[in-house]
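The structure appears right after this line, and notes come after that.
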2 protein chains.
Amino acid sequence: MPVRVSKGLSSLSDEADLRRADSLAREIFSDVANKWALLIIEALGERTLRFSELRNEVEGISHKMLTQNLRMLERNGLAERKVHPTVPPRVEYTLTEPGQALRATVDLICGWTHEYFGHIESARRRFDT
Amino acid sequence: MPVRVSKGLSSLSDEADLRRADSLAREIFSDVANKWALLIIEALGERTLRFSELRNEVEGISHKMLTQNLRMLERNGLAERKVHPTVPPRVEYTLTEPGQALRATVDLICGWTHEYFGHIESARRRFDT
DNA sequence: CGGTATCCCAAAAGATACTG
DNA sequence: CAGTATCTTTTGGGATACCG
């Protein structure tokens with residue numbers, strides 16, 4: 001039996017619904033489980049930022065990747081886009097409540113990285129010989 | 001100032017060390033923050049599995065991607081590879097303690113997905129019009 | 001300033017075939 | 001069965017140019 005990303009959704013009745021839920025869960029999963037998305041979420045976790053500020057915060061991200069990922073976050077309701085109709089335009093991005101909740105889990109991954117930093121470093125040295 | 005993945009590592013003294021730590025942290029981060037790696041970790045969280053079992057558990061993964069990700073997990077000390085010298089060969093993979101710890105955080109992401117399933121679904125519908 | 005579109009190269013990933 | 005190697009295709013992502 002395959003791994004069920006949505007194995008906790010006990011409220012869903014039949015197999016067909018479960019499949020639908022699982023397929024969406026996987027989709028969200030692979031949207032969000034990428035380096036740029038997670039780094040953007042980390043950055044927005046601190047405070048609301050405008051496009052150009054985000055470009056500076058998320059080191060090495062290109063214009064294109066930033067817009068692409070911001071659209072994705074917006075589409076999934078994780079970030080909110082607020083346009084100030086000024087000249088020049090000013091666009092601000094904020095995490096929504098679901099976004100903040102996700103951010104908390106991302107923080108845990110960061111915490112994990114710190115905790116096992118040494119383990120990983122030495123495991124690598126062993127493996128690379 | 002750029003986002004620091006390793007912002008919690010207060011034990012490190014000077015800026016140069018902090019940079020090294022941050023660069024490794026990012027590396028680990030992008031190794032681990034990918035769909036296949038996370039799904040493999042989820043699967044191995046349940047129990048020890050052999051290669052062919054993993055191929056069935058992790059739906060849609062190719063032979064190549066599976067070996068590639070397993071090597072990566074092994075290299076980082078997250079999974080252990082045990083070869084039984086039989087004919088035909090039997091190779092089993094198990095999560096190490098760091099791997100189990102990471103798995104716990106992946107579970108939280110799964111939990112998050114379930115919790116905000118509805119939010120995300122409706123956010124998408126709104127956006128896609 | 002922020003966003004879209006285009007072009008283009010490099011990396012990711014699938015398919016296939018071969019080995020211990 | 002598990003793993004490696006090779007080939008091909010698809011995607012990711014950088015650079016550039018242009019619009020509101």
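Below, chain A is the first sequence line, B the second, and so on; all start at residue 1.
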| Tell me: CD1 of B:Ile61 to C1' of C:dG14, nearest whole Å? | 12 Å

| message | Just the rounded figure in Å: distance from C1' of C:dG14 to NZ of B:Lys35. | response | 13 Å

| query | Distance check: side-chain N/O of A:Arg50 vs OP1/OP2 of C:dG2, anything under 4.0 Å? | reply | yes

| Should B:Ser62 be listed as having a side-chain N or O under 4.0 Å from OP1 or OP2 of C:dG14? | yes

| field | Range on DNA chain D touched by chain A, heavy atoms, distance below 4.0 Å | value | D:dG13 to D:dG20

| note | For A:Leu108, the other hydrophobic cluster members (4.5 Å side-chain criterion, sorted by chain and number) are B:Leu108

| request: Name the nucleic acid region contacted by A:Arg90, choosing base, sugar-phosphate or nothing; use a 4.0 angstrom heavy-atom cut-off, strictly under. | output: nothing

| field | Short side-chain donor-acceptor distance under 3.5 Å, A:Asn34 and B:Asn34 | value | no

| said: Looking only at side-chain N and O atoms, does A:Glu97 offer a donor or acceptor that is under 3.5 Å from a partner on B:Tyr116? | reply: yes

Below 3.5 Å is the cut-off: list the nitrogen or oxygen pairs between protein and nucleotides 3-10 of chain C, distance only.
residue	atom	partner	partner atom	Å
C:dG3	OP1	A:Arg71	NH2	3.0
C:dG3	OP1	A:Arg81	NE	2.9
C:dG3	OP1	A:Arg81	NH2	3.1
C:dG3	OP1	A:Tyr93	OH	2.7
C:dG3	N7	A:His63	NE2	2.7

| task | With sequence neighbours left out, write down each residue that passes ring pair (Phe, Tyr, Trp, His ring centres under 6.0 Å) with A:Phe51, or none if nothing qualifies. | result | A:His63

| request: Report yes if some heavy atom in the side chain of B:Val91 is under 4.5 Å from a heavy atom in the side chain of B:His84; otherwise report no. | output: no

| request: Any chance you could lay out the salt bridge (Lys or Arg N to Asp or Glu O under 4.0 Å) test for B:Glu92 and B:Arg90, step after step, and finish with the verdict? | output: CA-CA 7 Å; B:Glu92 293 185 327; B:Arg90 178 185 186 84; 3.5 Å; yes

| note | A:Gln100 meets the side-chain contact (heavy atoms from CB on, under 4.5 Å) criterion, sequence neighbours left out, with A:Leu95, A:Arg103

| remark: Between its two end axes (five pairs each) the helix from C:dG2-D:dC19 to C:dG20-D:dC1 turns, nearest 10 degrees, through 40°

| task | Give the C-alpha distance, both sets of side-chain angles, the deciding distance and a yes or no for side chain to side chain contact (heavy atoms under 4.5 Å, CB included) between A:Met65 and A:Lys35. | result | CA-CA 11 Å; A:Met65 284 300 98; A:Lys35 181 175 125 184; over 6 Å; no

| request: Check whether more than 12 heavy atoms from other residues, nucleotides or ligands sit under 6.0 Å from atom CD of B:Glu80, and answer yes or no. | output: no

| field | Stepwise salt bridge (Lys or Arg N to Asp or Glu O under 4.0 Å) check, A:Glu74 with A:Arg71 | value | CA-CA 5 Å; A:Glu74 199 191 347; A:Arg71 283 308 150 270; 3.6 Å; yes

| query | Checking side-chain contact (heavy atoms from CB on, under 4.5 Å) against B:Thr105, which of A:Thr113, A:Thr105, A:Ile109 comes through? | reply | A:Ile109

